[in-house]
Number of protein chains: 2
Amino acid sequence: MEGGARETGNPLLFLTDEQLRKGIEAMFFAYRGFTADPDRILSDIAYGRAHHRAIHFIHRSPGGTVNNLLAILGVTKQSLNRVLRGLMEDGLVRSEIGKRDKRERHLYLTEAGEALERQLSDAQRDRMRAAYRAAGPEAVTGFRQVLEAMMDEDMRNRYDALKDLKG
Amino acid sequence: MEGGARETGNPLLFLTDEQLRKGIEAMFFAYRGFTADPDRILSDIAYGRAHHRAIHFIHRSPGGTVNNLLAILGVTKQSLNRVLRGLMEDGLVRSEIGKRDKRERHLYLTEAGEALERQLSDAQRDRMRAAYRAAGPEAVTGFRQVLEAMMDEDMRNRYDALKDLKG
DNA sequence: ATAATACGTCAGCTTTGTTGACATTCCAAG
DNA sequence: CTTGGAATGTCAACAAAGCTGACGTATTAT
């Protein structure tokens, strides 16, 4: 027999269905807040979340290939290509043919792209900063621990890979 | 100076742009995991996330009105109606005309609806439980604190209103 | 009586995802 | 050098789920 209220005194009360449900609903409502500010900015310029994600990750690892980005985002190349085409037509993203492997396209933000990225991530960071500040450093540690434990294996790998770039 | 912004001395290191960016990316990848299991189940039966949300919140407050659900989900009535119609045609949701106010429709899950809800929330809870267990009770407290601080005002109100139902 | 509310519905549009098919370009192996 | 396969791009068609706007019908409130 495992599980259950075995420890001393306080027995896994944080694992009740009630607690889990609250966590699930907190995640749902919080994610709305998380995306609300960028969504507002983007709707003004006829872009959506997909554009935001592409911009974010191109900014994070400039010179990454299309395949790389595809793996991070987890969408089909057709879907990404549509978004990327729009961004390139609007002069926010440029692609360079690879030197070692000329099949590959290396993606970069243009200055205009960087400017939009800054605008979007400033908004999103502001909210995150306010939440972090309100909750305090220990809460932030716990927040990150739970989120990381919630990821799929391959998601965590992608996340960790990004973490190593600058962080 | 190194990590671990604690109370004394070390001021707000957890609020650096790097920390915030990691939080943003953690949120992005974790939300994927959060929805992955229900998504898999739903795709087998030609439903999507919108159906899941409707089912979840009808289960949470049975007998709630359409307007009520609309407020929680934050979508248009046309969008919700499409989903609801499908669920009712498939016998997962039923609606009752209000007794006090006959304009209102009160929504309930049928037995089949409850069964699907259980299947979905079991899957989602399993993952949440694993994450909670891996991170520990203190992390869970922090997790919830940050998420709640991240919500918009009205989102928090909706979240709190649901919390009061059973929790 | 009239206005407002709650709900449903039709029509049309957008974003973002999906499959499937196919062409091009290029690297690498035989 | 030829050929197979990988990386990329693109066309077409489609679906889920959001949106706006307009309209209809009960029902309730003023």
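Here the structure is a predicted model, which means the values were calculated and not measured. Numbers restart at 1 for each chain; the letters A, B, ... are given by sequence-line order, proteins then strands.
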Between [atom2] on [N] and [atom1] on [X], what's the gap in Å once rounded to a whole number?
X	N	atom1	atom2	value
A/Leu70	C/dG17	CG	P	11 Å
A/Leu87	C/dT15	CG	C1'	13 Å
A/Arg53	C/dT16	CZ	C1'	8 Å
A/Lys99	C/dC26	NZ	P	15 Å
B/Asp39	C/dT18	CG	P	11 Å
B/Leu107	C/dA6	CG	P	14 Å
A/His52	C/dG17	NE2	P	13 Å
B/Gln78	C/dT14	CD	C1'	15 Å

Is it true that [X] and [Y] make a salt bridge, defined as a side-chain N closer than 4.0 Å to a carboxylate O?
X	Y	value
A/Glu148	A/Arg144	yes
B/Arg94	B/Glu96	yes
B/Asp37	B/Arg125	no

Within the 4.0 Å heavy-atom criterion, would you say [X] contacts the bases, only the backbone, or no part of the nucleic acid?
X	answer
B/Gly74	sugar-phosphate
B/His51	sugar-phosphate
B/Arg82	base

* Confirm from the modelled atom types if B/Arg103 and C/dT5 form a donor-acceptor pair under 3.5 Å, side chain to base only. => yes

* Does B/Glu104 or A/Gly48 map to a spot on DNA chain C nearer the 5' end, using the closest nucleotide for each? -> B/Glu104

* Find which nucleotide of DNA chain C each of A/Ala50 and A/Asp101 is nearest to by heavy atoms, and output the residue with the more 5' nucleotide. => A/Ala50

* For DNA chain D, note the earliest and the latest nucleotide, 5' to 3', having some atom under 4.0 Å of a heavy atom belonging to chain B. => D/dA17 to D/dT28

* Asked: How are the rings of A/Phe57 and B/Phe28 set to each other: parallel, tilted or perpendicular (split at 30° and 60°)?
  -> tilted

* Asked: Under 4.5 Å between any side-chain heavy atoms of A/Glu18 and A/Arg21, yes or no?
  -> yes

* To do: Examine the side chains of B/Glu25 and A/His56 and answer whether a donor and an acceptor come within less than 3.5 Å of each other.
  => yes

* Asked: Does one side chain, of B/Arg49 or B/Thr35, offer a donor that lies under 3.5 Å from an acceptor on the other?
  -> yes

* Within the structure, does a side-chain N or O atom of B/Asn67 lie under 4.0 Å from either OP1 or OP2 of C/dC7? -> yes

